[in-house]
Amino acid sequence: GFSLKVTAEVNAPRARVFAALTERVGAWWSSSHTYSGSAANMRIEPQAGGCFCETWPNGGVRHMTVTHVMAPDMLVLNGGLGPLGTMGVAGALQWTLKEQDGRTTLVVSYNVGGYAPAGFTALAPLVDGVLAEQVTRLKTFVETGRPQ
């Protein structure tokens with residue numbers, strides 16, 4: 001398996017960052033990292049058992065399941081993002097938000113373990129890049145208010 005960690009300083013209070021994370025995922029998630037081709041089809045239900053899902057006519061994907069919500073401090077989702085969802089893996093994606101002086105430190109960690117036929121050596125850097133891109137897009141969306 002592998003562990004990834006991405007950190008960003010967001011110039012906004014954590015309640016605003018958490019709201020964007022959970023209520024506006026379609027405004028900042030990259031459409032190029034969806035099955036439907038449109039981030040507008042993405043949603044996160046911020047409650048235990050909630051769905052990080054993507055739906056479109058005649059199809060849909062449950063990317064992850066929400067396991068912990070401690071708004072606005074933490075959100076934890078379990079499952080495999082992207083191609084990991086079709087492998088024999090388990091993953092925990094944790095979003096932690098800490099506020100100081102009106103700014104939020106966002107720490108995102110993703111721990112993945114299980115079986116991948118070719119191993120994780122080539123896969124981990126790709127997942128890291130996708131995760132870093134999403135964190136940057138969330139930060140930019142929160143700070144500018146403009147969909148990415």
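The analysis underlying the following values was restricted to heavy atoms, covering all of them including side chains, and did not include hydrogens, waters or symmetry mates.
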S.K.: Under a 4.5 Å side-chain heavy-atom rule over Ile, Leu, Val, Met, Phe, Trp and Tyr, are Met70 and Leu75 clustered together?
M.R.: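 They do not share one cluster, since no chain of ILVMFWY contacts under 4.5 Å joins Met70 to Leu75.
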S.K.: When clusters are formed by joining ILVMFWY residues with side-chain heavy atoms under 4.5 Å apart, either directly or through shared neighbours, do Val61 and Met42 land in the same one?
M.R.: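 In one cluster with Val61: Met42, no.
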S.K.: Could you walk me through whether Arg103 and Glu99 pass the salt bridge (Lys or Arg N to Asp or Glu O under 4.0 Å) check?
M.R.: CA-CA 5 Å; Arg103 294 179 51 85; Glu99 183 177 340; over 6 Å; no
S.K.: Would you say that Val107 contacts Trp95 through its side chain, given a criterion of any heavy-atom pair below 4.5 Å between the two side chains?
M.R.: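 A side-chain contact under 4.5 Å is absent here.
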S.K.: If only atom types and distance count, is the side chain of Tyr35 paired as donor or acceptor with the main-chain N or O of Thr55 below 3.5 Å?
M.R.: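 No, Tyr35 side chain to Thr55 backbone: no donor-acceptor pair under 3.5 Å.
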S.K.: Are any side-chain N or O atoms of Trp28 and backbone N or O atoms of Ala20, one a donor and one an acceptor, separated by less than 3.5 Å?
M.R.: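 Judged by distance alone, yes, a pair lies under 3.5 Å.
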S.K.: Begin from the C-alpha positions of Leu81 and Met64 and carry the test side chain to side chain contact (heavy atoms under 4.5 Å, CB included) through to its verdict.
M.R.: CA-CA 7 Å; Leu81 286 172; Met64 304 184 101; 3.7 Å; yes
S.K.: Would you confirm whether Thr65, through its side chain, and Gly49, through its main-chain N or O, come within 3.5 Å as a donor-acceptor pair?
M.R.: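 Between the backbone of Gly49 and the side chain of Thr65 there is no qualifying donor-acceptor contact (under 3.5 Å).
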S.K.: Pairing donors with acceptors under 3.5 angstrom, does anything connect the side chains of Gln94 and Thr96?
M.R.: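 Result is yes, a qualifying pair exists.
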S.K.: Would you confirm whether Thr104, through its side chain, and Leu106, through its main-chain N or O, come within 3.5 Å as a donor-acceptor pair?
M.R.: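 The answer is no, because no donor-acceptor pair under 3.5 Å joins these two groups.
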S.K.: Tell me if the CD atom of Glu9 is crowded by more than 12 foreign heavy atoms within 6.0 Å.
M.R.: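 Enclosed.
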S.K.: Between Trp29 and Phe52, is the ring centroid distance below 6.0 Å?
M.R.: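 Under 6.0 Å, so yes.
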S.K.: Do Asn111 and Ser3 pair up side chain to side chain, a donor and an acceptor below 3.5 Å, judged on atom types alone?
M.R.: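 Judged by distance alone, the side chains do pair up.
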